[in-house]
> 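My structure is below; once you've seen it, I'll send some questions.
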Amino acid sequence: MQPLTRVVKLTLMPQHIETFRQIFQEHKQHIAAFEGCLELNAYQDNQEPHVFFTISRWSHSQALDNYRYSEFFKLLWSRVKPMFAAKAVAHSMTVV
């Protein structure tokens, strides 16, 4: 199985920027400790501060799916999804 990188673009309503940053910091270690997670970071766009990208690396696609379908993810997503100004856009990719 080949490692993969997951990039998710999150466009927030501006009033939720600080709340999102707090939630990410509160839960980053738990997500990073999830089985198969190799790395996790969030980035804030310099030109559009309400746009964030989460970039995570996973040992294989099943590890990512296990996280995405976990109760933890469902609860976390239910907290952040109402903050979105646009639908999240996700891409999973492997090194060529």
Side-chain angles (χ1 to χ4, degrees):
M1 289 188 217
Q2 188 174 12
L4 66 93
T5 300
R6 177 81 163 183
V7 178
V8 182
K9 179 181 180 183
L10 306 169
T11 304
L12 303 175
M13 290 180 269
Q15 67 268 29
H16 296 298
I17 291 172
E18 287 310 313
T19 303
F20 175 80
R21 290 172 65 102
Q22 271 184 326
I23 290 171
F24 182 81
Q25 288 305 317
E26 288 171 13
H27 297 289
K28 179 181 179 179
Q29 293 304 326
H30 185 80
I31 298 166
F34 210 90
E35 185 175 347
C37 184
L38 305 173
E39 184 178 357
L40 171 67
N41 290 294
Y43 299 87
Q44 187 173 14
D45 189 279
N46 289 338
Q47 300 299 315
E48 298 179 275
H50 65 288
V51 175
F52 287 79
F53 295 87
T54 60
I55 302 177
S56 55
R57 289 187 52 243
W58 296 86
S59 58
H60 49 83
S61 61
Q62 188 60 52
L64 172 59
D65 287 343
N66 291 342
Y67 168 69
R68 289 179 53 227
Y69 297 111
S70 70
E71 285 303 313
F72 173 79
F73 177 82
K74 290 175 190 174
L75 290 171
L76 184 59
W77 196 248
S78 72
R79 284 185 66 194
V80 297
K81 189 175 179 181
M83 300 178 193
F84 296 167
K87 185 177 179 181
V89 178
H91 299 276
S92 293
M93 55 200 94
T94 54
V95 175
V96 178

> Quick one: pull up CD in Gln25 and CD in Gln29 and give me the separation to the nearest 0.5 Å.
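If I round to the nearest 0.5 Å, the distance is 8.5 Å.
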> Is there a side-chain contact between His50 and Gln44 in this structure, where contact means two heavy atoms from C-beta onward sitting under 4.5 Å apart?
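Answer no - side chains too far apart.
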> Quick one: are the ring centres of Trp77 and Phe72 less than 6.0 Å apart?
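Ring centres of Phe72 and Trp77 not closer than 6.0 Å.
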> Quick one: does Phe53's side chain get under 4.5 Å of Asp45's, heavy atoms only?
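Yes, their side chains come closer than 4.5 Å.
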> OG1/Thr94 to NE2/His60 distance, rounded to the nearest 0.5 angstrom?
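Taking OG1 in Thr94 and NE2 in His60, the distance rounds to 14.5 Å.
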> Could you report the tightest heavy-atom contact between Ser61 and Leu4, atom names first, then the distance?
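Scanning both residues completely, I find the closest heavy atoms to be CA-CD2, 3.2 Å.
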> Are Phe20 and Phe52 near enough that their ring centres are under 6.0 Å apart?
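Yes: the rings meet the under 6.0 Å criterion.
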> Which heavy atom of Leu12 sits nearest to which heavy atom of His16, and what is that distance?
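The pair with the smallest heavy-atom distance is CD1-O, 4.2 Å.
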> Taking Arg57's backbone N and O only, do any of them form a donor-acceptor pair with Glu39's side chain (distance below 3.5 Å, no angle check)?
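Side chain of Glu39 to backbone of Arg57: no pair is present.
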> Could you tell me whether Tyr67 and Phe34 have their ring centroids closer than 6.0 angstrom?
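Distance test on ring centres: under 6.0 Å, yes.
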> Supply the atom-to-atom distance Cys37 SG to Leu64 CG, rounded to the nearest 0.5 angstrom.
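The distance works out to 9.0 Å.
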> Any chain of hydrophobic side-chain contacts (each under 4.5 Å) joining Ile31 to Phe73?
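Both belong to a single hydrophobic cluster.
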> Write down the atom of Arg6, the atom of Ser92, and the distance for their closest heavy-atom approach.
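Heavy atoms of Arg6 and Ser92 come nearest at NH1-OG, 2.7 Å.
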> Closest heavy-atom contact between Tyr69 and Lys74?
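Smallest heavy-atom distance, with atoms named: O-CE, 3.6 Å.
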> Would Arg79 and His27 count as a side-chain contact (heavy atoms from CB on, under 4.5 Å) if you check the C-alpha gap in whole Å, the side-chain angles of each, and the deciding distance to 0.1 Å?
CA-CA 12 Å; Arg79 284 185 66 194; His27 297 289; 3.3 Å; yes
> Treat each ILVMFWY residue as a node, draw an edge where side-chain heavy atoms are under 4.5 Å apart, and state whether Phe24 and Ile55 are in one component.
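Shared cluster, no.
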> What are the two closest non-hydrogen atoms of His91 and Met93, and how far apart are they?
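Minimum heavy-atom contact is CB-CE, 3.7 Å.
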> Would you kindly confirm whether Tyr43 and Val51 end up in one hydrophobic cluster when ILVMFWY residues are joined by side chain heavy atoms under 4.5 Å apart?
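Result: yes, single cluster for both.
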> Show the nearest heavy-atom pair for residues Ala63 and Glu35, with the distance to one decimal.
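Minimum heavy-atom contact is CB-O, 3.8 Å.
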> Hey, what do you get for OG1 (Thr54) to CG (Leu40), rounding to the nearest 0.5 Å?
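One gets 7.0 Å once the value is rounded to the nearest 0.5 Å.
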> Working to the nearest 0.5 angstrom, can you tell me the gap between Leu10 CG and Lys87 NZ?
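Answer for the CG-NZ pair, Leu10 versus Lys87, is 13.0 Å.
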> Assess whether atom CE of Met1 is packed by more than 12 heavy atoms of other residues, nucleotides or ligands within 6.0 Å.
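Open.
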> Tell me whether Lys28 at atom NZ has more than 12 heavy atoms from other residues, nucleotides or ligands lying less than 6.0 Å away.
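Atom NZ in Lys28 is packed in, count exceeds 12.
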> Out of curiosity, Glu18 CD to Ile23 CD1, how far, rounded to the nearest 0.5 Å?
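With rounding to 0.5 Å, CD (Glu18) is 11.5 Å from CD1 (Ile23).
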